[in-house]
Amino acid sequence: QAEDGIRDVERSRGLGDVYQSQEIDSPQGVIFKFTHQKLREFVYFKQPLIKRKVLHNRIGLIIKDSLKNKKNIDIQIYSSLIYHFENAGNIVLALKYSIKYMEFYLDFTHELFPTINKIKIKMGQEVFFKKREITKYFEKINKLLKIGEKKYGLVKDILKFKVYYYHIAGRYYIREGFYDKGIEYIYSMIRDAEIINDYKYILKGFRQIIYYCIQVHNCELMKKYVEKGLLLSNKHNYSDETAFFLRLKGLNKIMIADYEEAEKYLNRSIEILQQLSHGKIKYLLNIAGAYSYLGDIKRCNMKPSDSLFYYKKAVEICKNKKLNKSLALIYTKMGKAYFDLGNDNKAKDYFEEAIFLYAKFNSFWGRSISNGYLSLIYIKEGKYLKAYNLMKLADKFSQKIKSPYELGLVYRIKAEIKKEMKFNKLLRKVFEKYLIFDVKEYCEQAIGKLANLNEAYEKNIVVEIFKNDLK
């Protein structure tokens with residue numbers, strides 16, 4: 001019968017050498033591993049469905065158990081786990097690893113300074129998805145949730161996975177600039193996390209609302225959720241969470257130009273995280289983030305040289321552990337500091353490196369700034385077409401995340417370019433169809449966006465551009 005089956009495969013599927021197999025010695029005796037893909041499929045589909053499900057589940061559990069004592073995990077193992085548990089009909093574990101897989105990806109592409117704790121990874125390992133793939137993955141998780149709810153009811157495990165799903169979907173849409181959709185997911189997440197008393201995820205929800213507030217510069221709502229986060233983390237003695245919210249409180253103080261208080265909270269955050277980390281990788285990006293914000297304080301006080309001291313400390317932490325993802329924003333800040341110091345060569349190096357990393361990790365925070373300022377440097381070098389292309393990208397990225405700060409800086413850069421176009425015929429020829437308004441209009445737009453941003457010293461630069469244009 002086996003020979004008849006093989007003949008059938010040869011005839012119907014056009015196999016070449018279907019007898020390709022490897023003989024392997026094992027403690028259980030000699031076993032055969034079929035090396036031909038079509039023969040493997042033939043053997044697989046000849047098994048009864050119930051047997052295939054049992055085998056998939058068994059394989060999934062073996063892989064799952066093998067991860068317990070591993071320090072570094074190849075993230076692709078989660079793909080295998082998802083495949084086996086889905087085919088086994090094990091909805092709970094299929095959901096668990098589908099969410100873990102997406103969580104890993106979003107930690108490294110959407111979190112500014114992520115905590116390296118949920119999935120241990122091989123150093124320097126990166127995972128990327130196209131947007132279409134992310135949407136499909138969300139649909140897949142949502143489908144699994146519906147199957148699980150139908151099969152088990154709204155039990156705690158299913159509700160827990162709904163919380164996790166709302167979290168990854170919400171933060172994705174917030175980072176992509178779809179704020180209404182993202183915030184809706186996050187509020188649903190907080191509500192369900194409160195039902196099951198998952199305080200860690202309630203705090204994660206608070207942080208997502210805070211990140212939204214940072215992007216749209218809503219200082220009051222940000223303050224409210226920072227205080228809620230500190231209250232809850234202190235109540236449950238979550239020292240790491242307390243440190244995270246202290247860092248965000250420091251940033252909130254920067255946003256309202258209370259720099260002395262900001263410095264105090266940032267240093268306290270660093271102190272707690274250093275005590276908790278003991279040099280381990282887990283909290284290092286959070287520490288780097290706090291140093292980066294300390295640099296911002298100096299830069300906002302028109303002390304770009306002092307800001308570089310802190311930015312370099314943040315860079316050192318990231319580079320020492322090959323945590324390159326967070327470098328894009330820090331390099332952008334360094335480029336801006338060097339630009340303010342008049343060191344265009346150094347600024348150019350950092351902006352170019354930042355742009356490379358933004359493209360590599362498909363992140364957006366600060367991306368318009370690096371493109372816009374590098375455009376100004378290229379104009380000084382006479383590279384007008386390059387400058388034009390970068391300026392168009394700066395426009396695109398600032399419109400995407402709708403940050404008033406980034407929108408304001410892009411208008412400030414447009415004003416400066418428009419001013420230069422009056423005296424430069426070649427520059428005017430490249431930009432005239434793009435920058436169609438006058439200097440006054442771009443200055444007014446810039447001031448309009450930056451007016452309520454207490455920390456935005458660039459407002460004064462815009463005023464000077466406007467004054468010089470009147471001369």
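Since we're looking at a predicted model, the values are computed, not measured. This chain uses plain numbering: 1 for the first residue, then up along the sequence.
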>> Applying salt bridge (Lys or Arg N to Asp or Glu O under 4.0 Å) to Lys264 and Glu260, what does each step give before you reach the verdict?
In response: CA-CA 7 Å; Lys264 181 177 78 177; Glu260 193 175 327; over 6 Å; no
>> To check you understand the geometry: which heavy-atom pair defines the closest contact between Ala354 and Thr332, and what is its length?
In response: CB-OG1, 3.4 Å
>> Do Ile186 and Met189 have side chains that approach each other closer than 4.5 Å (heavy atoms only, starting at C-beta)?
In response: yes
> Which class fits the ring pair His236 and Tyr199: parallel under 30°, tilted 30 to 60°, perpendicular over 60°?
Replying inline: parallel
> Is Asp344 salt-bridged to Lys380, cutoff N-O under 4.0 Å?
Replying inline: yes
> Considering residues, nucleotides and ligands other than Lys449, do more than 12 of their heavy atoms fall under 6.0 Å from its NZ?
Replying inline: no
> Parallel, tilted or perpendicular: which fits the ring planes of Tyr442 and Phe437, with parallel below 30° and perpendicular above 60°?
Replying inline: perpendicular
>> Would Ser233 and Thr242 count as a side-chain hydrogen bond (donor to acceptor under 3.5 Å, both in side chains) here? Give the steps.
In response: CA-CA 5 Å; Ser233 57; Thr242 297; 3.2 Å; yes
> What is the ring orientation for Tyr173 with Phe178, classed by angle as parallel under 30°, tilted 30 to 60°, or perpendicular over 60°?
Replying inline: perpendicular
> Taking it one step at a time, do Lys346 and Met334 satisfy side chain to side chain contact (heavy atoms under 4.5 Å, CB included)?
Replying inline: CA-CA 9 Å; Lys346 276 278 193 183; Met334 292 180 77; over 6 Å; no
>> If you apply the rule salt bridge (Lys or Arg N to Asp or Glu O under 4.0 Å), what do you find for Glu271 with Arg268, and how did you get there?
In response: CA-CA 5 Å; Glu271 186 185 325; Arg268 180 62 185 142; 2.9 Å; yes
> Should the heavy atoms of other residues, nucleotides or ligands under 6.0 Å from NZ of Lys319 be counted, would the total exceed 12?
Replying inline: no
>> Under a 3.5 Å threshold, yes or no: a donor from one side chain and an acceptor from the other, between Tyr78 and Ser98?
In response: no
>> Salt bridge or not between Asp395 and Lys392? Use side-chain N to carboxylate O under 4.0 Å.
In response: no
> Name the one of Lys96, Lys140, Lys53 that satisfies salt bridge (charged side-chain N to carboxylate O under 4.0 Å, His left out) with Glu86?
Replying inline: Lys140
> Checking Glu406 side chain against Gly366 main chain: does a donor-acceptor pair fall under 3.5 Å?
Replying inline: yes
>> Check the orientation of Phe244 and Tyr283. Use parallel for under 30°, tilted for 30 to 60°, and perpendicular for over 60°.
In response: tilted
> Using a distance-only test with no angle check, is there a side-chain donor-acceptor pair under 3.5 angstrom linking Tyr405 and Glu458?
Replying inline: yes
> Does the side-chain hydrogen bond (donor to acceptor under 3.5 Å, both in side chains) test come out yes or no for Arg175 and Tyr211, once each step is laid out?
Replying inline: CA-CA 9 Å; Arg175 292 309 179 281; Tyr211 294 147; 5.4 Å; no
> Between Ile214 and Asn252, is a side chain to side chain contact (heavy atoms under 4.5 Å, CB included) present by the stated rule, with each step listed?
Replying inline: CA-CA 8 Å; Ile214 295 167; Asn252 184 245; over 6 Å; no
>> Go through it in stages, so that I can follow the logic: the residues are Leu266 and Lys253, the test is side chain to side chain contact (heavy atoms under 4.5 Å, CB included), and I'd like the CA-CA distance, side-chain angles, deciding distance and then a yes or no.
In response: CA-CA 10 Å; Leu266 291 168; Lys253 293 294 183 183; over 6 Å; no
>> Let's go through Asp438 and Lys419 carefully: what are the C-alpha distance in whole Å and the side-chain angles of both, what is the deciding distance for salt bridge (Lys or Arg N to Asp or Glu O under 4.0 Å) to 0.1 Å, and is it a yes or a no?
In response: CA-CA 8 Å; Asp438 59 19; Lys419 182 169 72 74; over 6 Å; no
> When the aromatic ring centroids of Phe351 and Tyr338 are compared, is their separation below 6.0 Å?
Replying inline: no
> Any salt bridge between Lys386 and Glu381, counting N to O under 4.0 Å?
Replying inline: no
>> Under 3.5 Å, is there a donor on one side chain and an acceptor on the other for Arg299 and Tyr311?
In response: yes
> Can you name the closest pair of heavy atoms from Phe206 and Tyr225 and give their distance?
Replying inline: CD2-CD2, 3.5 Å
> Can Glu441 and Lys418 be said to form a salt bridge (Lys or Arg N to Asp or Glu O under 4.0 Å), step by step?
Replying inline: CA-CA 10 Å; Glu441 174 69 19; Lys418 189 69 179 184; over 6 Å; no
>> More than 12 heavy atoms of other residues, nucleotides or ligands under 6.0 Å from NZ of Lys396: yes or no?
In response: no
>> Distance alone, cut at 3.5 Å: any donor-acceptor contact between the side chains of Asp340 and Tyr457?
In response: yes
> Centroid-to-centroid, Tyr201 to His167, below 6.0 Å?
Replying inline: yes
> Is it true that atom CG of Asp180 has more than 12 heavy atoms of other residues, nucleotides or ligands lying nearer than 6.0 Å?
Replying inline: no
>> Is it true that, when you exclude Glu220 itself, more than 12 heavy atoms of the residues, nucleotides or ligands shown sit nearer than 6.0 Å to its CD?
In response: no
>> Ring-plane angle category for Tyr291 and Tyr310, please: parallel below 30°, perpendicular beyond 60°, tilted otherwise.
In response: parallel
>> Are more than 12 heavy atoms, taken from residues, nucleotides or ligands other than Arg191, located less than 6.0 Å from that residue's CZ atom?
In response: yes
> Do the rings of Tyr185 and Tyr166 sit parallel, tilted or perpendicular, given the 30° and 60° boundaries?
Replying inline: tilted
> Taking Asp296 as the fixed residue, which of Arg247, Lys333, Lys303 is the one that meets the salt bridge (charged side-chain N to carboxylate O under 4.0 Å, His left out) rule?
Replying inline: Lys333
> In terms of the angle between their ring planes, are Tyr164 and Phe161 parallel, tilted or perpendicular, with boundaries placed at 30° and 60°?
Replying inline: perpendicular
